[in-house]
Amino acid sequence: MHLLMCAPCLMGLEGLVADELRGMEAENVKAQNARVFFEGDEFILARANINSRFAERIMIVIDSFEARSFEELFVGVKNLPWSEFIGVSDTFPVKGYSINSTLHSVPDCQKIIKKAVVESLKEDYNTSWFEETGPVHQIQFSIMKDEVTVMLDSAGMGLHKRGYRPESNDAPIRETLAAAMCSLSHLRHYHTLYDPCCGSGTILIEGAMLANNIAPGINRNFSCDRWGFLPEKAWVQERERCHDIIKTDTDFVAFGSDLDSHALELTMINAKRIKCDKFLRLEQKDIKDFSPSTQKGTLITNPPYGERMLDIKQAQNIYKIMGEKFIPQKGWSYGIISPDEEFERVFGRKADKRRKLYNGMIKCQYYM
């Protein structure tokens with residue numbers, strides 16, 4: 001089965017998603033704004049779901065076409081081969097978005113697409129009623145400049161939900177973004193990772209998973225696991241493959257500290273769920289007492305922004321302390337994410353590199 005697929009991602013991560021998909025042997029990889037298109041078979045679909053660190057979802061693209069009227073939208077959707085993907089008792093909700101398009105009412109587009117899918121399935125299954133009690137086949141649409149793309153979401157829960165963090169602290173960083181920061185800082189299996197504002201441990205855990213090649217989806221299920229048209233052997237083979245490529249003899253260690261003892265407890269609980277607790281060394285400590293115990297280190301951190309925790313003045317006080325503590329020295333690199341445009345001035349020196357990233361809807365810079 002040859003499939004066209006799409007991997008939506010946070011703004012700024014398109015290049016990382018494209019590179020990781022090429023590394024998974026996906027074909028015709030093309031990055032666009034906040035999404036990457038690629039092609040492959042059902043094995044690549046399973047591999048991308050289980051192994052993607054940076055994508056938010058993996059979608060199967062059913063088709064793309066132009067539509068400037070509800071009639072064009074209805075006909076375009078109705079003509080697609082829905083019965084190849086959706087069974088007679090399956091559930092098929094519809095959601096999506098419209099940007100810079102004639103058809104700008106999302107609720108109306110949802111209704112038209114749902115109706116068109118129902119009419120298509122009525123003809124193929126020769127029935128007038130769908131009970132929708134079976135596995136969920138989430139239909140997703142995007143309309144951008146009158147170009148309609150209709151997709152099926154193969155993931156279910158977003159791929160950032162690895163399964164290790166059911167509970168977190170007040171302002172957690174998204175797992176996909178934490179993994180991206182580790183990748184952009186070139187974290188390797190022989191490195192020592194530090195996060196002195198570790199919260200519930202997302203950067204430490206994502207770093208340990210990246211360094212030891214532990215697949216982020218190794219412990220979770222996906223919507224398409226339950227779809228009848230994808231062969232079970234693809235999932236079995238790809239799950240075996242992701243266990244086979246785990247590094248088992250690395251020198252990786254991750255040191256985390258935080259003022260909040262509850263956050264540190266959460267970190268260890270979360271790390272145990274994904275079986276990387278053995279790499280973590282945790283300590284209750286203020287940032288002003290940061291004193292690394294190794295000669296080399298890769299420090300990656302998400303300090304409070306003054307958005308949801310603390311205020312701007314308190315956040316800037318932390319940046320100033322970081323500038324004093326994070327000394328430029330051989331064998332050390334520092335990566336700090338912040339939305340504060342004054343960060344470098346307060347920190348006390350310019351970054352060697354910076355990268356625009358989004359933490360949810362907050363536009364940030366990753367200062368390296």
Side-chain angles (χ1 to χ4, degrees), residues 1-15 17-18 21-22 26-42 44-45 48 52 55-87 90-125 130 132 136-155 158-159 223-224 227 229-230 358 361:
M1 182 185 292
H2 187 81
L3 301 166
L4 173 61
M5 290 169 271
C6 175
C9 59
L10 294 172
M11 291 279 283
L13 303 192
E14 299 90 348
V17 173
L21 287 168
R22 289 186 192 103
E27 299 165 8
N28 298 325
V29 178
K30 295 184 180 72
Q32 294 185 359
N33 266 351
R35 58 186 187 177
V36 179
F37 288 95
F38 63 104
E39 294 176 29
D41 60 12
E42 58 269 32
I44 295 294
L45 174 70
S52 179
E56 292 300 311
R57 298 180 177 279
I58 303 297
M59 309 275 200
I60 298 172
V61 179
I62 310 299
D63 200 9
S64 294
F65 55 89
E66 277 198 357
R68 291 181 175 82
S69 69
F70 288 132
E71 177 65 20
E72 287 176 326
L73 180 63
F74 179 85
V75 171
V77 173
K78 184 175 182 290
N79 287 340
L80 300 179
W82 290 107
S83 59
E84 290 179 18
F85 300 97
I86 298 172
D90 290 340
T91 308
F92 49 101
V94 177
K95 64 181 178 181
Y97 60 89
S98 177
I99 300 170
N100 299 331
S101 298
T102 310
L103 300 175
H104 54 81
S105 169
V106 171
D108 286 338
C109 291
Q110 281 177 293
K111 287 175 195 159
I112 295 291
I113 290 170
K114 180 75 174 188
K115 185 179 176 187
V117 176
V118 167
E119 291 304 315
S120 174
L121 293 174
K122 270 184 183 177
E123 289 177 10
D124 286 0
Y125 289 124
F130 297 96
E132 296 198 51
V136 175
H137 293 57
Q138 177 68 60
I139 297 169
Q140 194 96 15
F141 68 89
S142 70
I143 310 176
M144 298 173 73
K145 296 180 180 174
D146 300 322
E147 175 84 6
V148 181
T149 304
V150 186
M151 299 167 283
L152 277 178
D153 176 9
S154 70
L159 295 183
S223 274
C224 55
W227 295 354
F229 66 89
L230 292 168
Y358 282 80
M361 297 304 290

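Numbering starts at 1 and runs along the sequence shown.
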Side chain to side chain contact (heavy atoms under 4.5 Å, CB included) evaluation trace for Ile112 with Leu103: CA-CA 11 Å; Ile112 295 291; Leu103 300 175; over 6 Å; no

Sub-4.5 Å side-chain heavy-atom contact between Ile99 and Ile143: no

Min side-chain heavy-atom separation Met151-Val61 under 4.5 Å: yes

Would you be so kind as to tabulate the donor-acceptor pairs closer than 3.5 Å made by side chains of residues 65-73, with sequence neighbours excluded?
{"from": "Glu66", "atom 1": "OE1", "to": "Arg68", "atom 2": "NH1", "distance (Å)": "2.9"}
{"from": "Arg68", "atom 1": "NE", "to": "Asp146", "atom 2": "OD2", "distance (Å)": "3.3"}
{"from": "Ser69", "atom 1": "OG", "to": "Glu72", "atom 2": "N", "distance (Å)": "3.1"}
{"from": "Glu72", "atom 1": "OE1", "to": "Arg68", "atom 2": "N", "distance (Å)": "2.6"}
{"from": "Glu72", "atom 1": "OE1", "to": "Ser69", "atom 2": "N", "distance (Å)": "3.3"}

Interatomic spacing from CG in Leu121 to NZ in Lys78 - rounded to 0.5 Å: 10.5 Å

Test side chain to side chain contact (heavy atoms under 4.5 Å, CB included) applied to Asp63 - qualifying residues, sequence neighbours left out: Leu80

Non-neighbouring partners of Ser120 that pass side-chain hydrogen bond (donor to acceptor under 3.5 Å, both in side chains), sequence neighbours left out: none

Student check: side-chain heavy atoms of Val106 and Phe141 closer than 4.5 Å: yes

Residues in side-chain hydrogen bond (donor to acceptor under 3.5 Å, both in side chains) contact with Thr91, at least two apart in sequence or another chain: none

Check: Val117 and Val94 side chains under 4.5 Å, non-hydrogen atoms: no

Chi angles and distances behind the side chain to side chain contact (heavy atoms under 4.5 Å, CB included) call for Leu152, Ile139: CA-CA 5 Å; Leu152 277 178; Ile139 297 169; 3.8 Å; yes

Minimum heavy-atom distance Leu45-Leu230, with the two atoms named: CD2-CD1, 3.5 Å

Verdict with reasoning, Val17 to Phe38, per side chain to side chain contact (heavy atoms under 4.5 Å, CB included): CA-CA 11 Å; Val17 173; Phe38 63 104; over 6 Å; no

Pairing residues for Glu119 by the salt bridge (Lys or Arg N to Asp or Glu O under 4.0 Å) criterion, not counting sequence neighbours: Lys122

Pairs where residues 100-118 contributes a residue and the test salt bridge (charged side-chain N to carboxylate O under 4.0 Å, His left out) is met, not counting sequence neighbours: Lys114-Glu132

Nearest non-hydrogen partners of Cys9 and Ala55, listed with the distance: CB-CA, 4.3 Å

Any side-chain heavy-atom pair of Val77 and Trp82 under 4.5 Å: yes

Distance in Å, Met5 CE paired with Ile44 CD1, rounded so as to fall on 0.5 Å steps: 7.0 Å

Partners passing ring pair (Phe, Tyr, Trp, His ring centres under 6.0 Å) against Phe229 (at least two apart in sequence or in another chain): Phe85, Trp227

Heavy-atom pair with the smallest gap, counting every atom of Tyr125 and Ser83: OH-O, 3.4 Å

Side chain to side chain donor-acceptor pair (under 3.5 Å) partner of Asp153, chosen from Gln138, His137, Arg57, Gln140: Arg57

For residues 27-34, which side-chain N or O atoms pair as donor and acceptor with protein atoms under 3.5 Å away, sequence neighbours left out?
{"from": "Asn28", "atom 1": "ND2", "to": "Glu39", "atom 2": "OE1", "distance (Å)": "3.3"}
{"from": "Asn28", "atom 1": "ND2", "to": "Glu39", "atom 2": "OE2", "distance (Å)": "3.3"}
{"from": "Gln32", "atom 1": "OE1", "to": "Arg35", "atom 2": "NE", "distance (Å)": "3.3"}

Under 3.5 Å donor-acceptor, Ser154 side chain and Cys224 backbone: no

Chi angles and distances behind the side chain to side chain contact (heavy atoms under 4.5 Å, CB included) call for Val118, Phe92: CA-CA 9 Å; Val118 167; Phe92 49 101; 3.8 Å; yes

Qualifying residues under side-chain hydrogen bond (donor to acceptor under 3.5 Å, both in side chains), relative to Glu56, sequence neighbours excluded: His160, Arg174, Thr176

